[in-house]
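What follows is a short report on a single structure.
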Amino acid sequence: MLNKITILTLIITTLTITPTFAQTELSIGKKLSPAQLSKLKGFNLKLGDQSFKVITEQQNIKEKQIKGTTTNALSKTLIANTNGVLGVSENLILIARVPPNQVRSVTQNIIHAAISTKFYDHLEVSSLQFQTFNQTITAYNELVKLFPQAEVSIPIKFSEPSPR
């Protein structure tokens, strides 16, 4: 009996002493070291004049590990900026300075791929949300070409509002 208890104690001690990156809680605004960031699978992306690392290891990241997010886990993508700070994209594209009627008429194929669309005629703003970040990037590139005069953006949240 002593041998089983000793073995169990050794196993529990080993598990609690040996930290792994997978156990690190990923949250919006958390800064990762270059070593931690390099352990996450992903690809580099340039949007406008900013560079990011899109973390493609989504199957290993549970919704409860991404603190500060409110939407469905399937429509979220973790992204790190050049400083290693984690942010989240809800796979959303905002199109400003183009009347929504024009967006609707010109982008039928893109709109059909979106899981959610919202149009604010009085503000000249359209919002398209996609299931995956790859769909978001594809649609973003098409929209930038279709509407060069528009402000097309993918919002990325790097911090949480805090009550005063």
Side-chain angles (χ1 to χ4, degrees), residues 18-100 103 107 110-164:
T18 310
T20 63
F21 184 72
Q23 294 170 339
T24 300
E25 186 175 90
L26 300 175
S27 59
I28 295 172
K30 180 174 182 124
K31 184 170 178 153
L32 301 178
S33 70
Q36 289 174 315
L37 194 57
S38 69
K39 289 181 184 178
L40 290 173
K41 293 178 184 170
F43 61 91
N44 294 326
L45 174 72
K46 189 165 175 105
L47 289 176
D49 60 350
Q50 296 181 327
S51 297
F52 302 98
K53 179 174 183 176
V54 179
I55 299 168
T56 57
E57 226 174 275
Q58 299 297 318
Q59 69 275 9
N60 297 328
I61 300 169
K62 296 182 176 143
E63 182 175 5
K64 65 183 177 183
Q65 288 178 295
I66 308 172
K67 292 200 169 194
T69 58
T70 56
T71 61
N72 182 342
L74 295 176
S75 61
K76 286 186 273 197
T77 304
L78 273 177
I79 296 174
N81 65 15
T82 54
N83 296 325
V85 177
L86 285 178
V88 68
S89 168
E90 294 182 351
N91 302 335
L92 184 71
I93 297 176
L94 295 177
I95 308 156
R97 298 190 201 139
V98 177
V103 173
T107 63
I110 297 171
I111 289 173
H112 288 301
I115 59 172
S116 172
T117 57
K118 294 179 183 170
F119 301 98
Y120 305 95
D121 292 314
H122 60 291
L123 298 173
E124 288 195 341
V125 173
S126 301
S127 166
L128 308 173
Q129 186 176 22
F130 296 87
Q131 188 69 35
T132 67
F133 196 70
N134 286 338
Q135 290 174 328
T136 306
I137 293 300
T138 301
Y140 171 84
N141 290 330
E142 289 179 42
L143 289 165
V144 167
K145 289 176 189 171
L146 288 170
F147 304 111
Q149 78 285 7
E151 186 177 325
V152 181
S153 63
I154 298 174
I156 301 171
K157 186 169 146 182
F158 286 100
S159 64
E160 283 300 309
S162 58
R164 293 182 188 232

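Only heavy atoms go into these numbers, but all of them, side chains included; no hydrogens, no water, no symmetry mates.
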Enumerate donor-acceptor pairs with a distance under 3.5 Å from any side-chain N or O in residues 43-54 to protein atoms, sequence neighbours excluded.
unit_1	atom_1	unit_2	atom_2	d
Lys53	NZ	Leu37	O	2.9
Lys53	NZ	Leu40	O	2.8

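Judged by distance alone, with hydrogens and angles left aside, the side-chain atoms of Asn83 form no donor-acceptor pair with the main-chain N or O of Val85 at under 3.5 Å. Using a distance-only test at 3.5 Å, with no hydrogens or angles considered, no donor-acceptor pair links the side chain of Gln36 to the main chain of Leu32.
With sequence neighbours excluded, the residues forming a side-chain contact (heavy atoms from CB on, under 4.5 Å) with Val98 are Ile95, Gln102, Val103, Phe147, Gln149, Ala150, listed by chain and number. Residues satisfying the side-chain hydrogen bond (donor to acceptor under 3.5 Å, both in side chains) criterion with His112, sequence neighbours excluded, are Gln108. The side-chain contact (heavy atoms from CB on, under 4.5 Å) check on Leu146 picks up Val106, Thr107, Ile110, with sequence neighbours excluded. Judged as a side-chain contact (heavy atoms from CB on, under 4.5 Å), and not counting sequence neighbours, the contacts of Ala113 are Phe130. In terms of the side-chain contact (heavy atoms from CB on, under 4.5 Å) criterion, residue partners of Ser116 (sequence neighbours excluded) are, by chain and number, Lys118, Gln129.
Contact record, Gln131 with Gln135: N-OE1, 3.2 Å, taken as the closest heavy-atom pair. Of all heavy-atom pairs between Ile79 and Phe158, the closest is O-CE2, 3.9 Å. Contact record, Ile93 with Ile154: CG1-CG1, 4.2 Å, taken as the closest heavy-atom pair.
Within the model, atoms CG of Asp121 and OG of Ser126 stand 8.0 Å from one another, a figure rounded to the nearest 0.5 Å. Note that the CG atom of Asn91 and the OG1 atom of Thr132 stand 6.5 Å from one another [nearest 0.5 Å].
For residues 131-150, there are no salt bridge (Lys or Arg N to Asp or Glu O under 4.0 Å) pairs, not counting sequence neighbours.
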Ile156 and Asn81: CA distance, side-chain angles, deciding distance, side-chain contact (heavy atoms from CB on, under 4.5 Å) verdict = CA-CA 10 Å; Ile156 301 171; Asn81 65 15; over 6 Å; no
For side-chain contact (heavy atoms from CB on, under 4.5 Å), just list the numbers for Leu92 and Ser127, CA-CA rounded to whole Å, side-chain angles, deciding distance to a tenth of an Å, and then say yes or no.
-> CA-CA 7 Å; Leu92 184 71; Ser127 166; 3.1 Å; yes
